[in-house]
Chemist: 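Structure incoming, see below.
As the structure is a computational prediction, the values presented were derived from the model and not from experiment.
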Amino acid sequence: MEARRPIDVLPGRDAAPVARWLARHPEVQIICRDRASAYAEAARRAAPQAVQVADAWHLWNNLATAVEKTVTSHCGCLRAPHQAAHQPGEPQPPAEPDGMLDVRGKPRSRRHHPRTPPRRPGTPRPGPVPSRNQP
């Protein structure tokens, strides 16, 4: 962890290679790993002295996944009170986003993201555009 980079890459996702590696490196004090049970078992067996910690990427990834599942599962719960609060004669609530509006609610402009026509198979890619300063 001090080097902030992996010290080795082991084949597969099985406990045996991890346990063999740890047995050859008794100096290991901290094992930074994902939540794979095979790695946890290998660490418990071959390096009981080591503290096991979760790496930051997997923590953030797990948090994002949990938030996405929670929001998705409660989407109907969130929409129902909003729609129920709408009274006749009041302005309609905003429509669901369709990807055609920008962050300010204005139509997206193709000016900033021109679409390039698709190339036919076998057609060479265009070369670099010559500079005006080149002879």
Side-chain angles (χ1 to χ4, degrees):
M1 284 178 45
E2 291 166 355
R4 295 198 170 277
R5 62 181 178 80
I7 44 177
D8 208 343
V9 177
L10 304 176
R13 305 265 308 154
D14 301 323
V18 177
R20 283 193 300 271
W21 191 93
L22 288 170
R24 289 191 311 268
H25 297 86
E27 70 277 7
V28 172
Q29 297 174 3
I30 300 173
I31 299 171
C32 185
R33 62 173 185 81
D34 66 9
R35 295 179 59 193
S37 58
Y39 292 163
E41 179 58 34
R44 276 192 298 275
R45 216 171 354 133
Q49 79 286 358
V51 174
Q52 297 183 46
V53 298
D55 64 272
W57 186 91
H58 283 94
L59 289 174
W60 282 111
N61 186 47
N62 293 340
L63 176 63
T65 301
V67 168
E68 183 179 20
K69 285 180 182 177
T70 302
V71 170
T72 300
S73 68
H74 290 283
C75 187
C77 303
L78 298 171
R79 190 176 299 127
H82 180 70
Q83 290 173 342
H86 176 70
Q87 300 295 322
E90 289 183 358
Q92 288 290 328
E96 300 261 339
D98 62 359
M100 299 307 295
L101 302 178
D102 67 11
V103 294
R104 292 180 293 274
K106 298 185 180 196
R108 291 187 186 272
S109 168
R110 288 207 173 271
R111 175 174 57 115
H112 298 293
H113 303 286
R115 180 179 168 93
T116 57
R119 290 185 311 115
R120 287 189 219 153
T123 306
R125 291 187 181 275
V129 177
S131 169
R132 290 184 195 177
N133 299 332
Q134 288 182 339

Chemist: How close do Tyr39 and Asp14 get, heavy atom to heavy atom, and via which atoms?
Modeler: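 Shortest heavy-atom contact: CE2-O, 4.3 Å.
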Chemist: Which atom pair, heavy atoms only, marks the closest approach of Thr70 to Ser73?
Modeler: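 Reported closest heavy-atom pair: O-OG, 2.9 Å.
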Chemist: Treat each ILVMFWY residue as a node, draw an edge where side-chain heavy atoms are under 4.5 Å apart, and state whether Leu63 and Trp57 are in one component.
Modeler: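 Different clusters: Leu63 never reaches Trp57 through Ile, Leu, Val, Met, Phe, Trp or Tyr contacts under 4.5 Å.
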Chemist: Give a yes or no on whether Glu27 atom CD has more than 12 heavy-atom contacts from other residues, nucleotides or ligands under 6.0 Å away.
Modeler: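 Counting other residues, nucleotides and ligands, CD of Glu27 exceeds 12 neighbours.
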Chemist: When you group the ILVMFWY residues by side-chain heavy-atom contacts below 4.5 Å and let the links chain together, are Val67 and Leu59 in the same group?
Modeler: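 No, because Leu59 and Val67 fall into different hydrophobic clusters, even though each may have its own neighbours under 4.5 Å.
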Chemist: Using a 4.5 Å cut-off on heavy atoms from C-beta on, say whether the side chain of Leu22 contacts that of Ile31.
Modeler: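 Answer yes - side chains close enough.
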Chemist: State plainly whether the residues Asp34 and Arg13 are in salt-bridge range, i.e. N to O under 4.0 Å.
Modeler: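 Yes, this pair counts.
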Chemist: Do other residues, nucleotides or ligands put more than 12 heavy atoms under 6.0 Å from Arg44 CZ?
Modeler: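 Check passes, neighbour count above 12.
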Chemist: Do you know the tightest heavy-atom contact between Ala15 and Ala38?
Modeler: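 Minimum heavy-atom separation between Ala15 and Ala38: CB-O, 3.3 Å.
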Chemist: How close do Arg33 and Ala40 get, heavy atom to heavy atom, and via which atoms?
Modeler: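 Minimum heavy-atom contact is NH2-CB, 3.3 Å.
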Chemist: Identify the two heavy atoms, one from Pro26 and one from Gln49, that lie closest to each other, and give their separation to 0.1 Å.
Modeler: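 Looking at all heavy atoms of both residues, the shortest contact is O-NE2, 3.1 Å.
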Chemist: Please find the pair of heavy atoms, one from Ala19 and one from Ala46, that lie closest to each other, and give the distance.
Modeler: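 For Ala19 and Ala46, the tightest heavy-atom pair comes out as O-CB, 3.4 Å.
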